[in-house]
**Student:** 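Attaching a single structure in C-alpha cells format; questions to follow.
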Amino acid sequence: MKRGLGYLWVLTLVLALAACAPAEPPDQPEEEEPLRLESLSVELSRAGLSEEELARTVRELPGTLQEALAAQEVEVETVTVSVGSSPAATAQAVREGGVDLAFFPAEAFAALEQEDPPRLILTAGDGEEGAMAAAVRPDGGTLEDGDFAVALAAAVNSFLSENPAFGPYEYAPVETG
C-alpha cells in the first residue's frame, strides 16, 4: 500500500510540475521586413498647374513622398521628381521605363496604346472630371506589388490636400484579379 501511495505521490508531483512549467509561446507571426527601394523616379504631368506649383512640387515632393512612404513601411533611399511636358509625354516616359512611377490624368492613361502599356496601380476620381491615375513601368517588379500600391495610396492621400499636382480625389489601389 505504501508503494502505491508513493507512486501516486510521485505522479501528483510530476503533474504539478508539468502544470507549472512555462507553456510554449504561441507561434509569433514573423514581422515583415519593410519594403526597401534604392530609388524611385516619379514623373508628374503638367495638367494645368502653374509654373510656381510645379516648381514647389519638384522641390518638396521628394522629401514629402519619402517620409510618407516610410510611415507606410516602405523605405526609399532616393526619390526624384520630374515633370512631363504633357500627359502623353508622361505616359510615354513610364511606358518606356524612363521613370518608375507616373501620375497623370486618367483620360491620358485611357488613351494609351494597348501594346506594352504601363501598369495601372492607383486611380483617383472614378471617372469624374479631374480623375487621375498612377502607373508603373510595365516591368515594374516590386512596384507592381499590391502592397506597394496600398502603401503608395496611403502615402499620397496623407499629403493630397497640400499638393494640387495629384488632383482633388483620394487615391485607391486598382483591384487585380
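For the numbers below, each heavy atom of this structure counts, side chains included, while hydrogens, waters and symmetry mates do not.
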**Student:** Is it true that, when you exclude Glu107 itself, more than 12 heavy atoms of the residues, nucleotides or ligands shown sit nearer than 6.0 Å to its CD?
**Tutor:** no
**Student:** Provide the closest heavy-atom pair for Pro62 versus Thr57 in the form atom of the first, atom of the second, distance.
**Tutor:** CD-O, 4.1 Å
**Student:** Can you find a pair of side-chain heavy atoms, one from Leu49 and one from Val83, that are under 4.5 Å apart?
**Tutor:** no
**Student:** From the options Leu152, Ile121, Thr142, select the one residue that forms a side-chain contact (heavy atoms from CB on, under 4.5 Å) with Val136.
**Tutor:** Ile121
**Student:** Do Phe159 and Leu101 land in one hydrophobic cluster if side-chain heavy atoms of ILVMFWY residues count as linked below 4.5 Å?
**Tutor:** yes
**Student:** Any idea which heavy atoms bring Val79 and Gln66 closest together, and the distance?
**Tutor:** CG2-CB, 4.1 Å
**Student:** Any non-hydrogen side-chain atom of Pro118 less than 4.5 Å from a side-chain atom of Arg95?
**Tutor:** yes
**Student:** Is the side chain of Glu144 donor-acceptor paired with the backbone N or O of Gly141 at a distance under 3.5 Å, no angle test?
**Tutor:** yes
**Student:** Would you check if Val94 and Glu43 make a side-chain contact, meaning some heavy-atom pair closer than 4.5 Å?
**Tutor:** no
**Student:** When you look at Leu160 and Glu170, which way does the side chain to side chain contact (heavy atoms under 4.5 Å, CB included) test go after all the steps?
**Tutor:** CA-CA 7 Å; Leu160 186 63; Glu170 288 207 359; 4.0 Å; yes
**Student:** Hey, are Glu51 and Arg46 close enough for a salt bridge, meaning a charged N less than 4.0 Å from a carboxylate O?
**Tutor:** yes
**Student:** If every non-hydrogen atom of Leu65 is compared with every non-hydrogen atom of Val156, which pair is closest and at what distance?
**Tutor:** CD1-CG2, 4.4 Å
**Student:** How long is the span from the CD atom in Glu73 to the CG atom in Asp147, to the nearest 0.5 Å?
**Tutor:** 10.5 Å
**Student:** Any idea which heavy atoms bring Leu120 and Ala134 closest together, and the distance?
**Tutor:** CD1-O, 3.5 Å
**Student:** Are any non-hydrogen side-chain atoms of Leu37 and Phe148 less than 4.5 angstrom apart?
**Tutor:** yes
**Student:** With heavy-atom distances below 4.5 Å as the criterion, would you say the side chains of Leu143 and Leu40 are in contact?
**Tutor:** yes
**Student:** Rounded to the nearest 0.5 Å, how far apart are CG of Leu44 and CG of Leu54?
**Tutor:** 8.0 Å
**Student:** Any side-chain heavy atom of Ser82 within less than 4.5 Å of one from Val58?
**Tutor:** no
**Student:** Is there side-chain contact between Tyr171 and Met132, with at least one heavy-atom pair below 4.5 Å?
**Tutor:** yes
**Student:** When you measure from the side chain of Glu53 to the backbone N and O of Ser50, does any donor-acceptor pair fall under 3.5 Å?
**Tutor:** yes
**Student:** Rounded at 0.5 Å granularity, tell me how far CZ in Phe109 sits from OG1 in Thr123.
**Tutor:** 10.5 Å
**Student:** Determine the minimum heavy-atom distance between Gly130 and Pro168, stating which atoms define it.
**Tutor:** O-CD, 3.9 Å
**Student:** Would you check if Thr80 and Val42 make a side-chain contact, meaning some heavy-atom pair closer than 4.5 Å?
**Tutor:** no
**Student:** Output the distance between atom CD (Glu75) and atom CZ (Arg36), rounded to the nearest 0.5 Å.
**Tutor:** 4.5 Å
**Student:** Using the rule that Ile, Leu, Val, Met, Phe, Trp and Tyr join whenever any side-chain heavy atoms are under 4.5 Å apart, tell me whether Leu122 and Leu35 fall into a single cluster.
**Tutor:** yes
**Student:** Kindly work out whether a path of hydrophobic side-chain contacts (I/L/V/M/F/W/Y, heavy atoms less than 4.5 Å apart) joins Phe166 to Val150.
**Tutor:** no
**Student:** Taking Ser41 for the side chain and Asp100 for the main chain, is one N or O donor matched with an acceptor at less than 3.5 Å?
**Tutor:** yes
**Student:** What's the shortest heavy-atom distance between Ser85 and Ala89, and which atoms?
**Tutor:** OG-CB, 3.6 Å
